[in-house]
Number of protein chains: 2
Amino acid sequence: MTEGQTSAQHSCAIGNNLISCMEILTPDESTLLESKMVVVNYRKGEIICKQGAPATQIMFVREGLVKIYMESNSGENLVLHIMPEMNIIGLSALFEGNNVYQFSAQAYINTRVQVVDIQTFRQLIRTNPEFSLKIIALLAEYNTIISGRFFCLTQKQTYGRLADVLLCLANRIYKQRKFPLSLSRKELAEIAGMSVESVARILTRFKEENLIEMECKHLNIVDYDRLFDISLKG
Amino acid sequence: MTEGQTSAQHSCAIGNNLISCMEILTPDESTLLESKMVVVNYRKGEIICKQGAPATQIMFVREGLVKIYMESNSGENLVLHIMPEMNIIGLSALFEGNNVYQFSAQAYINTRVQVVDIQTFRQLIRTNPEFSLKIIALLAEYNTIISGRFFCLTQKQTYGRLADVLLCLANRIYKQRKFPLSLSRKELAEIAGMSVESVARILTRFKEENLIEMECKHLNIVDYDRLFDISLKG
DNA sequence: AAGAATCCTTGATGCGGATCAAGTTTTTTT
DNA sequence: AAAAAAACTTGATCCGCATCAAGGATTCTT
């Protein structure tokens with residue numbers, strides 16, 4: 001009997017459930033979609049869509065890793081969501097009277113995206129109830145993910161947040177305890193919502209405490225349980 | 001030509017667009033829904049739904065004001081959203097494999113809610129594409145609202161956040177610059193994500209600076225422009 | 001109306017973490 | 001391979017805000 005309220009929250013912001021909405025389409029709809037869709041390849045670091053720009057397209061992430069974020073006037077970005085393949089960018093532009101993207105998206109690594117115009121997308125929702133149920137489920141999940149991240153960044157403090165990010169990388173992206181640390185300190189800092197210096201300090205501390213090891217750009221989680229504990233306590 | 005990135009974010013978390021999805025239903029669907037729906041009245045302070053409890057129902061807020069929040073083990077709550085009438089509680093329970101409420105809901109004031117079971121709700125989505133488009137729009141809006149609040153609470157500091165909340169009360173709830181301050185300092189503190197003492201201190205400061213006046217439990221925004229400026233700068 | 005309880009205000013203190021600064025290592029450029 | 005640039009580390013300082021504390025004002029109780 002666990003309460004499991006805090007434990008469910010991950011600052012990492014990657015969903016568990018890969019939702020496949022394409023498989024649901026009828027052959028006719030698939031054909032329509034194929035004819036309308038365009039594949040675009042983005043290189044690491046390139047901007048996929050820009051907050052405030054006219055929202056005319058919905059984008060399916062087919063391969064890669066995408067950062068969804070809000071830009072502020074001060075230059076600090078707030079990372080809302082990190083999306084691997086099987087996710088959709090631009091759904092927030094579907095709300096009534098809203099014709100601009102609410103968030104920006106950028107490729108963390110080389111990323112392949114399928115683009116379709118919003119009208120075609122709306123059409124699919126209208127003609128295929130199962131498809132629209134999937135989209136609703138996806139949006140509901142995004143809501144939960146962003147809220148969980150919101151919780152982490154406001155309630156936990158630096159050690160917990162960074163532990164969280166490391167665990168998330170291990171669990172959800174690389175699916176093993178030893179993985180290549182391709183993100184820079186700056187990127188880690190942005191995700192965990194702290195300064196670059198804090199990231200460096202905390203990582204050093206984690207090494208001293210034998211929670212993690214780092215050798216040739218690979219990070220190895222040695223004491224998973226204690227790291228998990230830190231991520232819970234905040 | 002304004003950038004308007006920061007300015008769009010309100011910690012207040014109340015949507016502008018009241019989305020009416022009930023008007024879209026066919027007579028048959030309305031009849032079905034009426035027969036399944038139950039009206040429940042909550043008094044000020046009562047819990048409408050509890051995070052972690054089995055999610056079996058979707059709730060339409062018809063009258064009142066509802067706080068949507070996440071509970072933490074430490075006892076601190078995170079307010080995600082403040083909903084007046086014409087909003088829906090429990091949509092996040094629609095995502096796949098998820099059978100518990102992700103958030104708690106509590107009535108700020110006496111509130112009337114219409115309750116329907118999730119199956120019936122899913123049925124409506126399946127049979128009426130326009131209804132499901134409305135739900136998608138609503139979810140997309142919730143996403144934007146929560147993200148905006150996320151941004152405020154992590155990027156702005158106390159003065160800006162409290163100014164934000166006051167402006168939001170004036171603009172979105174009471175729709176006038178002088179309004180009854182029915183929320184306690186504690187409730188204001190929870191919404192603005194700060195301590196009760198900070199709220200008191202900042203309100204005193206706002207009074208000293210002639211930004212606001214307070215007489216017999218009414219708050220009057222005297223210098224709207226400067227308060228708005230503070231809410232932007234953070 | 002007296003007492004209790006809650007709410008509100010104001011000052012003093014302390015802590016987390018950002019920022020600043022300066023040196024070291026790694027990567028990129030040419 | 002040398003030079004330049006970027007990334008990383010570590011220490012020192014500072015600031016925002018929570019927390020603690022204590023007195024004053026309101027509201028609730030009986």
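Reminder, nothing fancy here: chain letters follow the sequence lines and each chain counts from 1. Everything quoted here is computed from the prediction, not taken from an experiment.
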Quiz item: B:Gln157 has a side chain; which of C:dT10, D:dG16, D:dT10 sits nearest to it?
Solution: D:dG16
Quiz prompt | Between C1' of C:dT26 and NZ of A:Lys186, the distance in whole Å | solution = 17 Å
Quiz prompt | Whole angstrom value for the distance that separates C1' of C:dA18 from CZ of A:Arg201 | solution = 9 Å
Quiz item: What is the distance from CG of A:Leu181 to P of C:dT27, rounded to the nearest Å?
Solution: 13 Å
Quiz item: Nearest-Å distance, CD1 (A:Ile202) to C1' (D:dC8)?
Solution: 15 Å
Exercise. For residues B:Met194 and B:Thr158, report the shortest heavy-atom separation together with the two atoms involved.
Key: CE-O, 3.3 Å
Quiz prompt | Protein-nucleotide distance (B:Lys156, atom NZ; D:dC17, atom C1'), rounded to Å | solution = 18 Å
Quiz item: Over how many whole Å does the gap from B:Gln155 atom CD to C:dG17 atom C1' extend?
Solution: 15 Å
Exercise. Taking all non-hydrogen atoms of both residues into account, name the closest pair between A:Cys152 and A:Arg161 and its distance.
Key: O-CD, 3.7 Å
Practice problem: For A:Lys217 and for A:Gly193, locate the closest nucleotide of DNA chain C by heavy-atom distance; then report the residue assigned to the nucleotide nearer the 5' terminus. | Solution: A:Gly193
Quiz item: Just checking A:Ser195: base, sugar-phosphate only, or nothing, at a heavy-atom cut-off of under 4.0 Å?
Solution: base
Quiz item: For B:Leu153 and D:dA18, what is the distance between atoms CG and P respectively, to the nearest whole Å?
Solution: 11 Å
Quiz item: If every non-hydrogen atom of A:Ile47 is compared with every non-hydrogen atom of A:Tyr42, which pair is closest and at what distance?
Solution: O-CE2, 3.5 Å
Quiz item: Does C:dG16 have OP1 or OP2 sitting under 4.0 Å from an N or O in the side chain of A:Thr158?
Solution: no
Practice problem: Could you check which of D:dT10, C:dT9, C:dA18 has an atom nearest any side-chain atom of A:Thr204? | Solution: D:dT10
Quiz item: D:dA7 phosphate, OP1 or OP2: any side-chain N/O from A:Ser184 under 4.0 angstrom?
Solution: no
Quiz item: For the base of D:dC17, is there a side-chain donor-acceptor partner from B:Glu197 under 3.5 Å away?
Solution: no
Quiz item: Are more than 12 heavy atoms from other residues, nucleotides or ligands located less than 6.0 Å from atom CD of B:Glu76?
Solution: no
Quiz item: Can a salt bridge be assigned to the pair B:Arg112 and B:Glu85 using a cut-off of 4.0 Å between side-chain N and carboxylate O?
Solution: no
Quiz prompt | Length of the line joining B:Arg185:CZ and D:dT26:P, which is rounded to integer Å | solution = 11 Å
